[in-house]
Amino acid sequence: MKKILFGLLLITAFTACSNHGKKITIEGTKGEVFYKGEGVTERDAQKLGNYLKEAEYFDNKAGKSVQLMKAKDGEGYELHFVVDQQKVKETPGVEESFRIIGAAISTNVFGGKPVDVYLSDKKLKDFVTLLYDKQKAEDLTAAPDEKVKTDYTDGWDNDKAGDVTFHWKGITDDESKTIADYIVQNGSFGGGTAHIFMNKEGERFILRFPMIESALTDAGTIAQVEKVSKEIKDNVFANVAYSFYITDEKMATVKAFDY
């Protein structure tokens, strides 16, 4: 759920300073990656910047800056996000979201090497330290069949598009395709293994989205999923009844959004 996680970031850019390290800008965006210190290369910075662009953190709407350094023990990396300190204080669950982000970057950019995340002000003064969480990294890479109750998939048709596996029954193939096409286009469930279950109860369309336990306890992530569920309503189910259920890994409903 790469886009969901990065949508929670409270971003800003560095103030001018010559001590942030060497800088690269990411083509097609206003994002910049500073890299500094022994053991960190321009290639490392470029890989990180490309990932942040793919995740839609770097875009062409606003200037955003991050700094990449080697960890002090030499085994992993430090990643400093420049953010609005006051907004971090005001946003529930934001630190948990950054822990997940660090795990995702470790897995997808640096081959599993630990990534410690630091939240920094415009002068690059750190005010929050979030050490690498190995368990979250393992959750992100767990095989789909280990995360979704197997017997729930019996009798469901399924197809995969990108990182999302769609399951459907009780609706037509055309209806399932319309829903899946929008979700893929929206991109909110990309960047990790995800399952979406689609069916109908009477005239109401039901979408179910199982989530790992660490995400279920993250208020910021839940709020962002609710936002995406509303976007699906507006763009796919504008004139029909529709519900979006967040579930646990055993498909028990945790949160329901009814429209």
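Only a predicted model underlies this, so the values are computations on that prediction, with no experimental measurement involved. Residues take their numbers from the sequence shown, with the count starting at 1.
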Contact between His195 and Arg208 at the side-chain level, heavy atoms closer than 4.5 Å - yes or no? no
To the nearest 0.5 Å, what is the distance between NE2 (His80) and OH (Tyr118)? 6.0 Å
Verify side chain to side chain contact (heavy atoms under 4.5 Å, CB included) between Thr129 and Asp116, making sure each step is shown before the conclusion. CA-CA 8 Å; Thr129 299; Asp116 297 329; 5.8 Å; no
Distance col, row Thr165:OG1 vs Trp156:CH2, nearest 0.5 angstrom, shows 13.5 Å
Pairs of donor and acceptor atoms involving the side chains of residues 251-259, under 3.5 Å and at least two apart or interchain, shall be tabulated with distances.
unit_1, atom_1, unit_2, atom_2, d
Asp258, OD1, Ser243, OG, 2.4
Tyr259, OH, Ser229, OG, 2.6

Taking Glu27's backbone N and O only, do any of them form a donor-acceptor pair with Lys53's side chain (distance below 3.5 Å, no angle check)? yes
Would you say the side-chain atoms of Lys47 pair up with the backbone N or O of Val109, donor to acceptor, closer than 3.5 Å? yes
Report yes or no: do Tyr132 and Ile105 belong to one cluster of Ile/Leu/Val/Met/Phe/Trp/Tyr joined by side chain heavy-atom distances under 4.5 Å? no
Rounded at 0.5 Å granularity, tell me how far CD in Gln46 sits from OG1 in Thr25. 8.5 Å
Check step by step if side chain to side chain contact (heavy atoms under 4.5 Å, CB included) holds for Ile24 and Tyr35. CA-CA 8 Å; Ile24 63 169; Tyr35 61 103; 4.0 Å; yes
So, taking the atom named CG in Asn199 and the one named CD in Glu175, what distance separates them when rounded to the nearest 0.5 Å? 11.0 Å
I'd like to know if the side chain of Ser106 and the backbone of Gly102 have a donor-acceptor N/O pair within less than 3.5 Å. no
With side chains defined as the heavy atoms from C-beta onward, is the minimum distance between Phe98 and Val128 less than 4.5 Å? no
Do any N or O atoms from the side chain of Asn186 and from the backbone of Tyr182 form a donor-acceptor pair under 3.5 angstrom? no
Under the criterion side chain to side chain contact (heavy atoms under 4.5 Å, CB included), I'd like the reasoning laid out for Leu124 against Phe34: C-alpha separation, chi angles, the key distance, then a yes or no. CA-CA 11 Å; Leu124 204 58; Phe34 292 79; over 6 Å; no
Stepwise side chain to side chain contact (heavy atoms under 4.5 Å, CB included) check, Ile246 with Leu216: CA-CA 8 Å; Ile246 296 173; Leu216 289 172; 3.5 Å; yes
Any link between Leu79 and Met69 through a network of hydrophobic side chains (Ile, Leu, Val, Met, Phe, Trp, Tyr) touching at under 4.5 Å? no
Using a strict threshold of under 4.0 Å (side-chain N to carboxylate O), is an ion pair present between Glu226 and Lys230? no
Same cluster (ILVMFWY, side-chain, under 4.5 Å), Phe127 and Val66: yes
Roughly how far apart are Ile196 CD1 and Ile183 CD1, rounded to 0.5 Å? 5.0 Å
Ring geometry between Phe237 and Tyr242 (parallel below 30°, tilted from 30 to 60°, perpendicular above 60°): parallel
Are Val164 and Phe205 linked, directly or through intermediate hydrophobic residues, by side-chain heavy-atom contacts shorter than 4.5 Å (ILVMFWY only)? yes
When Ile, Leu, Val, Met, Phe, Trp and Tyr are grouped by side-chain heavy atoms lying under 4.5 Å apart, directly or through other members, which residues fall in the same group as Ile206? Tyr245
Indicate if Met198 and Val240 have the same hydrophobic cluster label, given that clusters are the connected sets of ILVMFWY residues with side-chain heavy-atom separations under 4.5 angstrom. yes
Nearest 0.5 angstrom please: Thr221 OG1 to Met211 CE, how far? 6.0 Å
Considering all heavy atoms of both residues, which atom of Ile26 and which atom of Gly49 are nearest to each other, and what is their separation? CD1-CA, 3.6 Å
Distance-only, no hydrogens or angles: does the Lys36 side chain make a donor-acceptor pair with backbone N or O of Lys70 under 3.5 Å? no
Has the side chain of Asp44 got a donor or acceptor atom that lies under 3.5 Å from a matching backbone atom of Thr41? yes
Flag for Asn50-Glu54: side-chain donor and acceptor within less than 3.5 Å: no
Do Phe58 and Val33 have side chains that approach each other closer than 4.5 Å (heavy atoms only, starting at C-beta)? yes
In this structure, are over 12 heavy atoms from other groups packed under 6.0 Å from Glu203 atom CD? no
Please report the closest heavy-atom contact between Ser65 and Glu32, naming both atoms and the distance. OG-OE2, 2.5 Å
For the residue pair Tyr77 and Phe110, does the interplanar ring angle fall in the parallel (under 30°), tilted (30 to 60°) or perpendicular (over 60°) class? parallel
Test item: Gln67 side-chain N/O and His20 main-chain N/O as donor-acceptor pair under 3.5 Å: yes
Do the side chains of Glu42 and Lys22 get nearer than 4.5 Å, heavy atoms only? no
Compare all side-chain heavy atoms of Asp157 with those of Lys169 and state whether any distance is below 4.5 angstrom. no
Counting N and O atoms only, with roles assigned by atom type, does the side chain of Asp59 sit under 3.5 Å from a partner on the main chain of Thr29, one being a donor and the other an acceptor? no
Residues Lys177, Asp173: salt bridge by 4.0 Å N-O rule: no
